[in-house]
Number of protein chains: 2
Amino acid sequence: MRGGRDTREEILASAEELLLKRGFNGFSYQHIAVKLGIRNAAIHYHFTTKEDLGVALVRRYRLRFLSWTDETAATQVSAFEKLVSYLQTYIDYLEGRWRICPVGIFGAEFDAIPDLMRREAQMLMRDVYEWMVMTLQEGRRDGSIAYEGDSRDKAMEVAAALQGALQFASIAGRERFEQVFRQIALGLQPASAKRSDAVSQAA
Amino acid sequence: MRGGRDTREEILASAEELLLKRGFNGFSYQHIAVKLGIRNAAIHYHFTTKEDLGVALVRRYRLRFLSWTDETAATQVSAFEKLVSYLQTYIDYLEGRWRICPVGIFGAEFDAIPDLMRREAQMLMRDVYEWMVMTLQEGRRDGSIAYEGDSRDKAMEVAAALQGALQFASIAGRERFEQVFRQIALGLQPASAKRSDAVSQAA
DNA sequence: GTCTATAGATCGATAGAC
DNA sequence: GTCTATCGATCTATAGAC
């Protein structure tokens with residue numbers, strides 16, 4: 001601790017931002033140390049190896065996601081609203097409020113991260129996937145969501161579009177994410193809800 | 001040259017595979033040198049800096065893509081078939097036959113790659129995006145593609161889903177890509193084509 | 001065009017003082 | 001819990017011989 005501040009938490013927050021912007025192999029303990037005004041070795045005290053830090057990051061993502069789904073499961077909103085609410089968390093992410101997670105964050109460097117991180121990333125992906133399949137099916141039952149084809153395929157498509165959109169936003173601005181957001185939401189709305197929109201069909 | 005082999009080309013091919021699996025900051029000249037049985041310095045002869053190598057890789061992606069779109073533009077297939085054919089090139093990618101490109105490959109480490117590479121990545125993304133918007137609109141006109149909403153939004157969604165699916169395939173196996181592939185194709189088919197499918201609605 | 005050799009920087013990580 | 005100091009490995013890159 002330094003003056004009542006939680007250094008361990010600050011390290012995780014700083015590492016999380018670096019991870020999203022630069023990838024796991026694109027940042028070092030030095031980046032974090034400089035930003036927090038501490039030394040390299042101080043970080044090693046909290047996270048002995050970089051693998052430890054990486055595992056802690058992914059595990060935190062996963063716990064955040066699970067507690068988020070617990071919260072929403074307790075509410076009485078429709079499946080469609082739950083799903084849109086999940087998409088919204090990605091916008092929070094883009095704005096630096098890291099609430100839950102980019103599930104496919106390590107896909108681009110999967111063979112270049114430590115083994116324990118790979119396992120954690122796979123578990124995170126499984127949890128998000130299972131929740132999304134469940135929510136889509138629930139939406140079909142309560143009539144708030146409509147789509148064609150297999151629910152598992154659709155869940156994977158939505159998750160993939162979100163992940164890809166996050167990357168496009170890095171390259172070409174966050175407007176890219178909003179485009180995908182709109183299109184996903186539109187594609188999941190039942191016909192009854194669509195008529196109330198002024199959706200461009202000729203663009 | 002070594003015994004009639006084109007070393008420069010072998011370096012690019014090797015680097016391309018490493019880039020996809022490990023990210024730009026996840027491989028070094030040593031990785032390439034070991035695989036090709038040459039020395040570190042031999043690669044620097046062909047690509048003075050790693051930035052040069054990276055720029056050459058993205059530029060090659062882009063040229064491949066542009067010549068591919070030229071080819072398909074000359075044929076008389078429907079817009080839907082063109083688009084499915086583009087999705088197919090990603091499967092080639094997964095199988096190690098690098099025909100064209102993963103357009104969002106640097107999204108995960110955008111702030112951690114050299115400046116010239118960032119610019120090339122943005123140009124590549126712009127080209128793919130423009131082609132996809134054009135093809136979707138063409139499909140609406142010739143009746144081979146159907147979708148709701150803005151064409152630019154839809155193009156971004158399809159491109160994002162492809163990019164995300166490529167990453168999920170790294171994490172959880174190529175079956176993940178095929179799920180997204182099926183769902184994208186299903187979502188673009190006009191109603192007339194769908195009736196001939198035995199599409200599961202209850203899964 | 002490829003090699004040996006090496007400079008120079010950065011990285012992850014540890015020992016030990018405070 | 002944070003510091004100084006430092007080790008050894010790895011990385012990008014260059015000089016110069018063949």
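Just so it is clear, the model here is predicted, and its values are computed rather than measured. Lettering of chains follows the sequences in order, A, B, ..., and the numbering in each one begins at 1.
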Residue pair A:Glu157, B:Arg182: steps toward the salt bridge (charged side-chain N to carboxylate O under 4.0 Å, His left out) verdict: CA-CA 9 Å; A:Glu157 187 201 25; B:Arg182 277 197 299 270; over 6 Å; no
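The OH atom of A:Tyr45 sits 18 Å away from the P atom of C:dA13 (whole-angstrom rounding). Here the P atom of nucleotide D:dT12 and the CD atom of B:Glu51 are 13 Å apart, to the nearest Å. Counting to the nearest Å, the C1' atom of C:dT2 and the CZ atom of B:Arg8 are 16 Å from each other. B:Leu36 has its CG atom 15 Å from the P atom of C:dG1, to the nearest Å. Atom P of nucleotide C:dG1 and atom CD1 of B:Ile11 are separated by 11 Å, given to the nearest angstrom. Counting to the nearest Å, the C1' atom of C:dT4 and the CZ atom of B:Arg39 are 9 Å from each other.
In this structure, B:Phe168 and B:Gln179 have side chains that are not in contact, with every pair of non-hydrogen atoms separated by 4.5 Å or more.
Side-chain atoms of B:Gln88 and B:Ser85 include no donor-acceptor pair closer than 3.5 Å.
Between C:dT2 and B:Thr7, a contact under 4.0 Å exists linking OP1 or OP2 to a side-chain N or O.
Taken from NZ in B:Lys35 to CD1 in B:Ile11, the straight-line distance is 12.0 Å, to the nearest 0.5 Å.
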Taking protein heavy atoms under 4.0 Å as touching, what does nucleotides 5-12 of chain C look like 5' to 3' if B marks base contact, S marks sugar-phosphate-only contact and - marks none? ------SS
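Taking A:Glu120 as the reference, A:Arg59 meet the side-chain hydrogen bond (donor to acceptor under 3.5 Å, both in side chains) condition, with sequence neighbours excluded.
Checked for salt-bridge contact, B:Arg64 and B:Glu16 meet the test: a charged N lies under 4.0 Å from a carboxylate O.
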